[in-house]
Amino acid sequence: MAKARDAPPLLEWIAGAIGALAFAAMLVVLVSTGVRGGQAPPDIVATIGDIRTVEGGYVAEFTARNRGDVTAADVEVVATLANGTERRASFDYLSPHSERHGGFFFEDDPLGMQLHAEGYRDP
Amino acid sequence: MSGQAAYAQGLGRAFIGAALFTLPLYMTMEMWTLGFAMDRLRLALLLAVTFPVLIGLSYFAGFERAFGVVAHVLDTCAAIAVAATTSVIVMGLFGVLRFDQPATEWVGKVAVLAFPGALGALLADKQMSGCAADADADRSYWGRLFLMGVGALFVALNAAPTEEMMLIAFQISPLQAALLACSSLALLHALLFWADLPGRKARRGDTSFVSVLRRYSFAGYGVCLAVSAFLLWTFGRMDGVSAAEAAEFIVVLAFPAVLGAGLAHFVVGERRG
């Protein structure tokens with residue numbers, strides 16, 4: 001980006017300023033989350049979304065949210081019906097304070113469905 | 001062409017370079033994971049190290065004579081701007097960055113790729129604009145070692161996040177690791193000695209087999225080992241790992257790093273003839 005010249009053109013100052021700002025902002029966010037950020041373990045809450053009919057039964061959509069401060073890997077979410085039927089779904093990663101969506105398939109209407117996260121490992 | 005127009009053209013080349021150097025990493029799953037999962041302070045350190053390394057590259061790679069410090073700092077800042085913008089656009093297109101993700105996840109994913117992107121931006125502009133330095137003969141000993149380190153850092157960064165790097169270390173015996181270390185050293189020496197570097201004959205001092213080995217190959221391999229260890233530690237690969245296993249990780253990662261170190265001269269501002 002440097003060319004033979006005396007004074008850098010205005011555009012160079014603008015590009016440089018944007019880069020310097022981006023660099024400083026990234027550093028500030030990383031250091032502040034690193035220093036202040038809590039170390040609360042993954043706290044995974046699964047909530048039931050829409051239940052829709054599909055060919056051959058039902059799909060129960062759900063959202064898994066990690067309310068902890070660290071990433072959870074291989075998160076296993078289990079759905080249990082009143083009649084004892086179980087379905088499982090897993091997520092490779094749930095980053096802190098973020099959510100992922102999934103669904104469970106059932107032949108019958110999933111009445112009285114309960115969700116819970118079964119476990120995770122550190123990434 | 002006016003200064004502004006020439007600079008805009010340079011920025012265009014920089015975007016192409018940033019995309020070229022980071023595309024394999026944008027398409028590596030472990031890289032996305034590291035963006036949100038790796039230790040924030042270690043990521044901050046990786047980012048912080050990037051800045052002086054890029055300024056050094058801007059200095060050693062070809063603009064040593066005509067420009068002042070301000071130009072190198074401005075170039076480095078512009079390269080980071082280009083890298084960050086490219087990352088947001090490409091990872092946005094790939095669905096790696098989404099609006100339902102927290103801001104810290106975005107920052108992490110962009111920050112972890114700042115170095116290769118900015119490196120590509122700096123090099124592309126220089127290579128494609130044809131103003132690469134042809135002054136290797138004037139380059140100092142430390143300048144050459146520094147360039148080896150940059151090459152090693154770039155190639156090792158491509159390999160370090162992958163699961164395969166650890167699997168290779170798990171499936172080789174300590175003897176194989178020792179053999180790999182010797183092979184790496186031999187490869188580096190071959191790259192530095194036989195793959196005749198332009199300007200080598202013009203270098204001051206002895207360029208015999210033993211002299212190159214003593215001054216460049218051993219030192220260069222040391223640089224590769226150090227860079228590999230730094231990256232593995234940064235990515236948390238060495239946490240809770242025994243010293244022997246950690247040594248194998250480093251040796252395995254140093255193998256690709258050696259290629260980067262040995263070929264850095266060709267990529268970074270040397271021209272034949």
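Just so you know, these numbers come straight off a predicted model, no measurement behind them. Just so we're on the same page: letters track the sequence lines, and every chain starts at 1.
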Taking every non-hydrogen atom, the tightest pair across [X] and [Y]:
X: B:Leu47; Y: A:Phe23; answer: O-CE1, 3.4 Å
X: A:Gly16; Y: B:Cys77; answer: O-CB, 3.1 Å
X: A:Leu30; Y: B:Ala111; answer: CD1-CB, 3.8 Å
X: A:Thr71; Y: B:Ala37; answer: OG1-CA, 3.7 Å
X: B:Ile80; Y: A:Gly19; answer: CG2-O, 3.9 Å

Those residues of residues 54-66 of chain A, ordered by number, that approach chain B below 4.5 Å (heavy atom to heavy atom):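 So no residue qualifies.
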
Mind checking which of residues 92-106 of chain A sit less than 4.5 Å from chain B, heavy atom to heavy atom?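 If one takes a 4.5 Å heavy-atom cut-off, the residues of residues 92-106 of chain A near chain B are A:Tyr93, A:Ser95, A:Pro96, A:His97, A:Ser98, A:Arg100.
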
What is the distance from atom CG of B:Leu43 to atom CG of A:Leu27, rounded to the nearest 0.5 Å?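 B:Leu43 atom CG to A:Leu27 atom CG measures 9.5 Å (nearest 0.5 Å).
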
Quick check on A:Val29 against chain B: is it the side chain, the backbone, both or neither that has a heavy atom closer than 4.5 Å?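 Just the side chain, heavy atoms under 4.5 Å.
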
Measuring heavy-atom distances to chain B, does A:Val35 have an atom under 4.5 Å in its side chain, in its backbone, in both, or in neither? both

Residue part contacting chain A, namely of [X], when any heavy atom lies under 4.5 Å:
X: B:Gln4; result: both
X: B:Ala118; result: neither
X: B:Val73; result: neither

